[in-house]
Amino acid sequence: DGLALDGSGDLVAEAQAALVTLESVAAQKLDAVGTAVVSAREEAVAEVDRWRIRDEDIRAATNRLSAFMRSGNAAARVPLYQQGLRLARRTGDRAEEARWLTDLGDTHRELGKVDVALTHYEDALAALRELEHHPSVVRVLAKLGDLYRLRSDPDRAVGLLEEARKLADE
């Protein structure tokens with residue numbers, strides 16, 4: 001007839017116990033994965049909220065800056081440009097960083113602080129080259145050339161202006 005094994009009932013019981021254990025472990029793993037997913041989602045939502053705050057900070061700084069620009073007070077613009085620069089650096093936005101550096105260069109030139117303006121323009125140029133934004137590179141090269149002309153360094157001025165012309169012709 002059929003083969004009868006002694007203790008076959010024990011084997012079935014052990015298999016059922018192992019299955020229950022596997023189901024329990026699988027449920028625990030699913031709970032852990034679910035918890036990790038919820039945690040990751042909460043972190044993502046928090047990051048989005050942080051970006052919203054940064055955007056609000058940037059918009060507020062830009063609005064304050066616009067008011068000062070309309071007033072024509074160059075010295076009053078400097079701290080606002082510096083605040084914009086700090087925000088751009090904190091968020092890692094190299095394009096905005098270059099824009100604020102260029103604005104700082106323009107303002108310091110307006111204030112007669114040529115050396116400070118040169119430093120800001122050179123920093124802006126480095127960021128713009130990194131971004132490969134040729135139209136802005138050309139503009140900043142021209143600003144640098146003009147400042148070196150004011151500093152009575154015609155060789156440096158001509159070199160920068162020639163570089164700007166070549167890049168503009170590409």
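These numbers come from a predicted model, not from an experiment. No hydrogens, no waters, no symmetry mates; every other heavy atom, side chains included, goes into these values.
L125 and Y148 fall within the same hydrophobic cluster, where Ile, Leu, Val, Met, Phe, Trp and Tyr residues are linked whenever their side-chain heavy atoms come under 4.5 Å apart, directly or through other members. Connection of Y81 to L147 is not established within any shared hydrophobic cluster, with ILVMFWY side chains joined at heavy-atom distances below 4.5 Å, either directly or through further cluster members.
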D146 and R109: CA distance, side-chain angles, deciding distance, side chain to side chain contact (heavy atoms under 4.5 Å, CB included) verdict:
CA-CA 11 Å; D146 191 47; R109 179 189 173 159; 2.5 Å; yes
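A98 and A127 make their closest contact through CB-CB, 4.0 Å (heavy atoms, listed as atom of the first residue, atom of the second, distance). Across A124 and T102, no two heavy atoms sit closer than the pair CB-OG1, 3.4 Å. Shown here for A76 and P79, the closest heavy-atom pair between the two residues is O-CD, 3.3 Å. Considering all non-hydrogen atoms of both residues, A75 and L111 come closest at N-CD2, 3.9 Å.
Taking OG1 of T91 as the reference point, atom CD of E97 lies at 9.0 Å (rounded to 0.5 Å). To the nearest 0.5 Å, atoms CZ (R89) and CH2 (W100) are separated by 13.0 Å. We find the OH-CG distance between Y121 and L101 to be 11.0 Å, quoted to the nearest 0.5 Å. The OG1 atom of T107 sits 10.0 Å away from atom CG of L80, with the distance rounded to the nearest 0.5 Å. For the atom pair H108 NE2 and L118 CG, the distance stands at 12.0 Å (nearest 0.5 Å).
R151 pairs by the salt bridge (charged side-chain N to carboxylate O under 4.0 Å, His left out) definition with D115, not counting sequence neighbours. For E130, the salt bridge (charged side-chain N to carboxylate O under 4.0 Å, His left out) test picks out R94, with sequence neighbours left out. Residues meeting the salt bridge (charged side-chain N to carboxylate O under 4.0 Å, His left out) test with D106, sequence neighbours left out: K143. For R156, there are no salt bridge (charged side-chain N to carboxylate O under 4.0 Å, His left out) partners two or more places apart in sequence or in a different chain.
Using a cutoff of 4.0 Å between basic side-chain nitrogens and carboxylate oxygens, D103 and R99 are scored as salt-bridged. Ionic pairing of E110 and R77 is present here: one or more N-O contacts between side-chain nitrogen and carboxylate oxygen are shorter than 4.0 angstrom.
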Enumerate, atom names and distances included, each donor-acceptor pair closer than 3.5 Å involving a side-chain atom of residues 131-142, sequence neighbours excluded.
unit_1	atom_1	unit_2	atom_2	d
H133	ND1	S136	N	3.4
H133	ND1	S136	OG	2.8
S136	OG	R139	NH2	3.0

Would you be so kind as to tabulate the donor-acceptor pairs closer than 3.5 Å made by side chains of residues 158-170, with sequence neighbours excluded?
unit_1	atom_1	unit_2	atom_2	d
E163	OE2	R129	NH1	2.9
E163	OE2	R129	NH2	2.7

